[in-house]
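Here the structure is laid out as structure tokens; the discussion comes afterwards.
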Amino acid sequence: MSSIIDAHVHLWDPARGDYGWLTPALPTLYRRIDPQELHEQLTRAGVHGAVLVQAAPTEAESDYLLSIAERTPWVRGVVGWVDFDAPDIEQRIAARARQAKFVGVRPMLQDIEDVDWILHPSRGRALSALASHGLVFDALIKPVHMARIEQIARRHPDLSIVIDHAAKPTIGNELSPSWRESLRALASHPNVVCKLSGLLTEVAPGVEPSQVLDCAEVVLQLFGPSRVLWGSDWPVLTLASSYDQWHALTQRALSSLSVSDRNAVTGGNAVRIYRMKTPPAAPAILLHPDDNVLVCCRAVRAGERFNISESEVIHVLQDTDLGHKLARRGLSEGDKVIKYGAPIGSMKAAVLAGGWIHLHNMKSDYISAHTRAARVDAI
């Protein structure tokens, strides 16, 4: 089965202090959004991986996202930010290109007052450097910017350009003809692709959410399935809908495509366009950075060694089956077992790092739905 990749999600922590747009006026978003919460959304929808996209115009935020990506196998890439006006911009981009999960750059064009900002000749240095290092230029734009990005596509034919959220058209009962024609012009350049993402938040008041299907149809017609990437824009998405609702709606939008074309839109294109490194199949994964256990993705054998980050190695001490847990570090009798960042039980006996954890040496606090139902029936 092909991997499904959400090509556009965000994680943030307002306490970091560099998200100018993120204020208490957006109470549902103005809070820490962590990998566990995102992973729960992805897992429920059957999505296997994600691309983290910048939400602050600072290189510090890019480092923050990369630190998450390094310890999180299902994060397949990071679209970050660089200072296009830095005197050493070429060197900065070269340094980012050496980071395995750094796949692209996104200046926040929609928030820059000068709509011609990206066209200034001085910024061509950054765009040329992105192209030479195989990094993607994610264009966070509105319809007013579309003609400008077409000029960039023409000036830099070797630069891979991704139009975020189909350039954020206003979605009413009818789509704007000018948006459609501007998108057609962009689609005429083979180095431009489009994200099918972030559309529900553009639906006009009183308009049915299903109107995004018309927008999706235009995107697919103009770019073709080989040049469209599926994403959610979660958690911004939650201002208008749930992850599950968006996933179901886009499944409808893609229902007429062949299986291979659907696989391309929902994952294959993201892997190709962002030039993702194909990771070796992880024997076990860390579900949350605070966990002290790993979950086996396959049966592992005593003596195996594998990395869960660049600096952390696990040495398997005992044969352990698929779905069972390995100790990330040594645990003593009575220690809490932490999975998904929360306690799920406690140790009945000590175990060394890399040891098998199951009901023989762990007391579980988890009560299955089957057990709960049996207890209710017995009352």
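The chain is numbered in sequence order, starting from 1.
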(Q) Between the side chains of Arg184 and Glu181, is the shortest nitrogen-to-carboxylate-oxygen separation below 4.0 Å, so that they form an ion pair? (A) yes
Q) Do other residues, nucleotides or ligands put more than 12 heavy atoms under 6.0 Å from Arg252 CZ? A) no
Q. Which heavy atom in Gly124 sits nearest to a heavy atom in His156, and how many Å separate them?
A. O-CE1, 3.7 Å
Q.
One thing to verify: whether Lys195 and Asp233 come together as a salt bridge, which I'm taking to mean a side-chain N less than 4.0 angstrom from a carboxylate O.
A. no
Q | Distance (rounded to the nearest 0.5 Å) between Asp18 CG and Thr58 OG1 | A | 3.5 Å
Q: For residues His8 and His165, establish whether the separation of their ring centroids is below 6.0 Å.
A: yes
Q: Name the orientation class of the two ring planes belonging to Trp356 and His360 (parallel below 30°, tilted from 30 to 60°, perpendicular beyond 60°).
A: tilted
**Q.** Electrostatic pair Glu312:Arg71 at N-O distance under 4.0 angstrom
**A.** no
Q: Compare every heavy atom of His120 with every heavy atom of Ser122, then report the nearest pair and how far apart it is.
A: OG-ND1, 2.9 Å
Q: Using a strict cut-off of less than 4.0 Å between a Lys/Arg side-chain nitrogen and an Asp/Glu carboxylate oxygen, indicate whether Glu37 and Arg31 qualify as a salt bridge.
A: yes
Q | With Lys325 via salt bridge (Lys or Arg N to Asp or Glu O under 4.0 Å) - residues at least two apart | A | none
Q: Run through Ile112, Leu109, Ile141 and flag the one making a side-chain contact (heavy atoms from CB on, under 4.5 Å) with Ile118.
A: Leu109
Q | Joint cluster assignment, Val192 & Val144, ILVMFWY side-chain distance < 4.5 Å | A | no
